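Report on one structure; see the data block that follows.
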Amino acid sequence: QVQFVESGGGLVQPGGSLRLSCDVPGMTLEYYAVAWFRQAPGKEREGISCISYSDGSTYYADSVKGRFTISRNNAKSTFYLQMNSLKPEDMAVYYCAANTMRSQCGSTIIGHEYNYWGQGTQVTVST
């Protein structure tokens, strides 16, 4: 069974940084678009970033644009989310996901289009 394993979450002060990793041993991520989502308590899941396989193009939600950077290492079947200038409103459970039906990100990140998911990692932004 394929597992998407997130790591790198934790507690950080406002203005700090974290780097999330999503490791997928046993499955190649080549040809697939991969993305990060988050869900805060009482809020809907939000697609925040996607990176295409075909041309490496990226998409960011307005809420994280300019602060977060998505990247991927296809050879290692791993992708990342570098989060800088973290705010209390960034506090959520973060999930990595893959869309095995397409290699290109769309103009929006829609959760039901992603068919592989990690278990989530908590990010807490607080003093």
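Bear in mind the structure is a predicted one, so any value in this text is a computation, not a measurement. Only heavy atoms go into these numbers, but all of them, side chains included; no hydrogens, no water, no symmetry mates.
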Side-chain heavy atoms under 4.5 angstrom apart, residues restricted to Ile, Leu, Val, Met, Phe, Trp, Tyr: same cluster for [X] and [Y]?
{"X": "Trp36", "Y": "Val125", "value": "yes"}
{"X": "Val64", "Y": "Met91", "value": "no"}
{"X": "Tyr59", "Y": "Met83", "value": "no"}
{"X": "Leu18", "Y": "Val93", "value": "no"}
{"X": "Tyr114", "Y": "Tyr116", "value": "no"}

Supply the atom-to-atom distance [X] [atom1] to [Y] [atom2], rounded to the nearest 0.5 angstrom.
{"X": "Tyr32", "Y": "Met101", "atom1": "OH", "atom2": "CE", "answer": "10.0 Å"}
{"X": "Ser103", "Y": "Leu29", "atom1": "OG", "atom2": "CG", "answer": "13.0 Å"}
{"X": "Asn84", "Y": "Arg67", "atom1": "CG", "atom2": "CZ", "answer": "9.0 Å"}
{"X": "Glu44", "Y": "Arg38", "atom1": "CD", "atom2": "CZ", "answer": "13.5 Å"}

Looking at [Y], is its backbone amide N or carbonyl O close enough to the side chain of [X] to form a donor-acceptor pair, meaning the two atoms are under 3.5 Å apart?
{"X": "Thr108", "Y": "Ile110", "value": "no"}
{"X": "Asn99", "Y": "Glu113", "value": "yes"}
{"X": "Ser85", "Y": "Gly15", "value": "no"}

Handout entry: Residues Gln82 and Ser71: side-chain donor-acceptor under 3.5 angstrom
Key =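 Note: Gln82 and Ser71 side chains miss the donor-acceptor criterion.
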Handout entry: Gln104-Ser57 side chain donor-acceptor pair, cut-off 3.5 Å
Key =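 Side-chain D/A pair, Gln104 to Ser57: present.
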Over all heavy atoms of both residues, which pair between [X] and [Y] is shortest? Give the atoms and the distance, please.
{"X": "Val34", "Y": "Ala98", "result": "CG1-CB, 4.0 Å"}
{"X": "Gly118", "Y": "Tyr95", "result": "O-CD2, 3.6 Å"}
{"X": "Leu81", "Y": "Ser49", "result": "CD1-CB, 4.2 Å"}
{"X": "Tyr60", "Y": "Ile70", "result": "OH-N, 2.8 Å"}
{"X": "Phe79", "Y": "Cys96", "result": "CZ-CB, 3.5 Å"}

Exercise for the section: Give me the ring orientation class for Trp117 and Phe37: parallel if the planes are under 30° apart, tilted from 30 to 60°, perpendicular past 60°. Expected result: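 Taking Phe37 first and then Trp117, their aromatic rings sit tilted (interplane angle of 30° to 60°).
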Problem - Parallel, tilted or perpendicular: ring planes of Phe68 versus Tyr94, cut at 30 and 60 degrees - result: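 Rings of Phe68 and Tyr94: tilted, as their planes differ by 30° to 60°.
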Exercise for the section: Tell me whether the guanidinium CZ or amine NZ of Arg72 lies under 6.0 angstrom from the six-membered ring centre of Tyr53 and within 45° of its axis. Expected result: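 No, a cation-pi geometry is absent between Arg72 and Tyr53.
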Exercise for the section: Apply the test side chain to side chain contact (heavy atoms under 4.5 Å, CB included) to residues Met27 and Thr100: give CA-CA distance (whole Å), side-chain angles for both, the deciding distance (0.1 Å), then the verdict. Expected result: CA-CA 11 Å; Met27 175 179 172; Thr100 62; 3.7 Å; yes
Handout entry: Stepwise side chain to side chain contact (heavy atoms under 4.5 Å, CB included) test for Tyr80 and Leu20
Key = CA-CA 5 Å; Tyr80 311 93; Leu20 304 184; over 6 Å; no
Any side-chain heavy-atom pair of [X] and [Y] under 4.5 Å:
{"X": "Leu86", "Y": "Pro14", "value": "no"}
{"X": "Val2", "Y": "Val24", "value": "yes"}
{"X": "Thr28", "Y": "Asn74", "value": "no"}
{"X": "Pro25", "Y": "Ser77", "value": "no"}

Handout entry: Candidate pair Cys50 and Thr58, rule side chain to side chain contact (heavy atoms under 4.5 Å, CB included), full reasoning
Key = CA-CA 6 Å; Cys50 178; Thr58 56; over 6 Å; no
Practice task
Applying side chain to side chain contact (heavy atoms under 4.5 Å, CB included), run through Ser63 and Glu46 and close with a yes or a no.
Solution key: CA-CA 10 Å; Ser63 57; Glu46 177 188 16; 2.7 Å; yes
Exercise for the section: Evaluate side chain to side chain donor-acceptor pair (under 3.5 Å) for Ser21 paired with Glu6, printing each intermediate quantity in order. Expected result: CA-CA 5 Å; Ser21 298; Glu6 297 108 336; over 6 Å; no
Problem - Worked check of side chain to side chain donor-acceptor pair (under 3.5 Å) between Asn73 and Thr78 - result: CA-CA 5 Å; Asn73 184 329; Thr78 304; over 6 Å; no
Problem - Short N-O contact, Lys87 and Asp90, less than 4.0 angstrom - result: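 No, Lys87 and Asp90 are not salt-bridged.
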Problem - Within 6.0 Å of CD in Gln119, more than 12 heavy atoms from elsewhere - result: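 No - once you tally the heavy atoms of other residues, nucleotides and ligands closer than 6.0 Å, there are 12 at most.
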